Amino acid sequence: MQNPSNQSSPTFYSTADMEEEIVIRGGLKMGWGDGERRPNWSGSLIVASLTGAFGSSFLYGYNLSVVNAPAVYIKKFYNETWERRYGFSVDESTLTLLWSITVSIFAIGGLVGAIIVTPIVKFFGRKCTLLLNNVFAVTAALLMSFSLLAGSFEMLILGRIIMGVDAGISLSALPMYLSEISPKEIRGSLGQVTAIFICVGVFTGQVLGLPEIFGQESRWPYLFGAIIVPSLIQVVILPFLPESPRYLLLEKHNTSKAEKAFQTFLGKDDVSHEVEEVLAESRVQRNTKLVSILQLLRTRAVRWQVITVVVTMGCYQLCGLNAIWYYTNSIFSEAGINHETIPYVTLSTGAVETVAAVFSGLVIERLGRRPLLIGGFGLMVVFFAVLTVSLTLQKTVHWLPYLSIFCILAIIASFCIGPGGIPFVLTGEFFQQSQRPAAFMIAGTVNWLSNFAVGLLFPFIQGGLQTYCFLVFAAICFAGAAYLFFVLPETKNKTFHEISQAFAKRNKVSLEMQEINHYPGERKSSAEQESTFTSSVNNGETKKGIVS
């Protein structure tokens, strides 16, 4: 990179050089040394992240665990409905299939949501997408909560599909929104809000499923009706918060609204430095259309970023944690836990998950993404192996069931420390603004297909392999940890240019070639770039005329 103080002769600046130059100049202008910026947690930033997550990732976590407690009553409802319609009881294999479909169909809806999210976030924006998504949540809640009254298990299954669509949209739109409203110094911590609220949602589903609350035969529909509450809270609060400033500036080209959004989220009046950072990308991207999935897959400059997202998202689901959530009661029953005690023991899993996710959010900017991801998967391998041994020998040693419980809690904690939230953070960090929706669609597709596979196949895997079923998940975790160890660079507090540089050698392209691949046909001449760059950063002033 060129010395910013040396302006004696014309110099060619690439887009990445300009971004880095702006960061350094902006940092010196604000009184910080060596381009370092101070993290800023404003009230609006906190409210936006909490409200967005409560009506989005919270509902995803809630719907992972909410079917667990009333499983016996729902199966009984299926059997009674079948007998009333056809005059005979449903056989055990058909009932197992119906229940597996009820659990796993949520992922099919999620896949649909992940596929349709790209045009929605492009047209409506990130915040409005989260708001409109509540239509799916409320519709699903009404269908599922009235299924018992209507005597139709099809309503419950349909509701699960629609709720999956809501989750598929929110798990792409929410991380996108959070990554675009947060300063890069706290991008990882704010991104972990998604994972934290997934954990809180799981725990809430477990609490409401207790026999003293809604875990009774006559009350289980209320578990699904409760979905309306987070949706209504989001609908009331989120409209008063701004849209993503990067979306407003890079895709809507509205500088004034983007400045106001920055001011609101950062809690300060002078946001010229933040606008200048984004303008470097805006100059070459303002006429660039969103990259399609096919275009992204063909872009050599991000090939290993795409592969890494696919691997991390696949391992995120295939590592076996959702199998534990879906079938916690049966796992604890196999471990020898008394049936009446199981709901209360299950609460410990949600509590541990929440604590571990909060811990990860607190340390991610200190330790980084890489050690948390690799360490989390590595610990899961160890505890899956120990769990297999304890379940296999539990009838020979009286205390081994307690070791099984400890292993389950340790697996959950290991997952939430790293693999539980960081894949969403990485997807937002690896790609440019124009590539991000397509990247999230790829990540979402892998996520939901893997989710569906686990939910549908785990009962049969468990029946076939018995106590050795968790060795399958141990192997997947080991493969994921090994891949990340050799491929994943650290992205903590790095710009896109720095992350691209880390992948450049593996992608076998030069950094200049990466710029051309990211913005085909949009590069300016060196004279034009230097002129635009100088006019925009000289004296720290922002020229609004740059963005139309």
Side-chain angles (χ1 to χ4, degrees), residues 62-109 140-164 202 205-227 322-347 349 451-464 466 469:
Y62 182 83
N63 280 279
L64 286 181
S65 66
V66 72
V67 295
N68 193 40
V72 174
Y73 306 126
I74 294 176
K75 289 179 181 178
K76 183 180 178 182
F77 163 57
Y78 281 9
N79 190 46
E80 290 175 347
T81 304
W82 189 282
E83 188 172 0
R84 186 173 59 252
R85 289 180 184 177
Y86 305 109
F88 59 91
S89 298
V90 62
D91 61 86
E92 191 64 30
S93 60
T94 303
L95 183 60
T96 301
L97 179 61
L98 279 174
W99 177 243
S100 296
I101 291 174
T102 304
V103 172
S104 58
I105 204 72
F106 177 69
I108 295 299
L142 293 175
L143 282 170
M144 292 187 291
S145 59
F146 285 107
S147 61
L148 179 63
L149 185 63
S152 171
F153 59 76
E154 292 87 355
M155 288 176 61
L156 182 59
I157 296 174
L158 179 60
R160 289 281 292 174
I161 297 176
I162 297 174
M163 197 64 234
V202 168
Q206 293 170 344
V207 171
L208 294 183
L210 290 174
E212 292 83 358
I213 308 178
F214 296 143
Q216 299 180 12
E217 186 171 1
S218 60
R219 297 180 183 177
W220 67 260
Y222 296 124
L223 285 169
F224 299 101
I227 292 170
N322 278 351
I324 291 178
W325 289 139
Y326 288 147
Y327 304 102
T328 302
N329 286 6
S330 61
I331 292 173
F332 281 157
S333 179
E334 289 291 328
I337 306 300
N338 184 276
H339 181 73
E340 288 74 20
T341 311
I342 286 178
Y344 305 95
V345 177
T346 302
L347 283 181
T349 63
N451 185 308
F452 176 75
V454 172
L456 184 64
L457 299 178
F458 180 73
F460 302 100
I461 294 175
Q462 187 182 27
Q466 299 298 322
C469 63

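Remember, predicted model here, so these are calculated numbers, not experimental data.
- Within 6.0 Å of OH on Tyr222 lie no more than 12 heavy atoms contributed by other residues, nucleotides or ligands.
- Under the 30°/60° scheme for interplanar angles, the aromatic rings of Trp82 and Phe88 are found to stand perpendicular.
- Distance OG1/Thr102 to CD/Glu154: 10.0 Å, rounded to 0.5 Å.
- No donor-acceptor pair closer than 3.5 Å links the side chain of Glu83 to the backbone N or O of Ser89.
- Here the closest non-hydrogen pair linking Ala140 and Gly159 is CB-O, 3.3 Å.
- Here CE of Met163 is found 5.0 Å from CD1 of Ile227. Values are rounded to the nearest 0.5 Å.
- The CD1 atom of Ile161 sits 9.5 Å away from the CD1 atom of Ile101 when rounded to the nearest 0.5 Å.
- A donor-acceptor contact shorter than 3.5 Å is absent between the side chain of Tyr344 and the backbone of Leu210.
- The closest side-chain donor-acceptor pair between Thr94 and Asp91 falls under 3.5 angstrom.
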| For Ser93 and Leu97, what are the C-alpha separation, side-chain angles and deciding distance, and is it a side chain to side chain contact (heavy atoms under 4.5 Å, CB included)? | CA-CA 6 Å; Ser93 60; Leu97 179 61; over 6 Å; no
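- The distance from the CE atom of Met155 to the CG atom of Leu142 is 8.5 Å, given to the nearest 0.5 Å.
- Rounding to the nearest 0.5 angstrom, the gap separating the CZ atom in Phe452 from the CD1 atom in Ile108 is 4.0 Å.
- Here the closest heavy-atom approach between residue Val90 and residue Leu95 is recorded as CG2-N, 3.9 Å.
- Annotation for Ile213 and Val207: closest pair CD1-O, 3.2 Å, computed over non-hydrogen atoms.
- Formation of a donor-acceptor pair under 3.5 Å by the Arg160 side chain with backbone atoms of Asn63 is found in this model.
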| side chain to side chain contact (heavy atoms under 4.5 Å, CB included) assessment of Asn79 paired with Lys76 | CA-CA 5 Å; Asn79 190 46; Lys76 183 180 178 182; 5.6 Å; no
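- Taking CD1 of Ile74 as the start and CZ of Phe224 as the end, the distance is 4.0 Å to the nearest 0.5 Å.
- The shortest side-chain heavy-atom distance between Val72 and Trp220 does not fall under the 4.5 Å cut-off.
- For the residue pair Leu223 and Gly209, the shortest heavy atom distance occurs at CD2-N, 3.8 Å.
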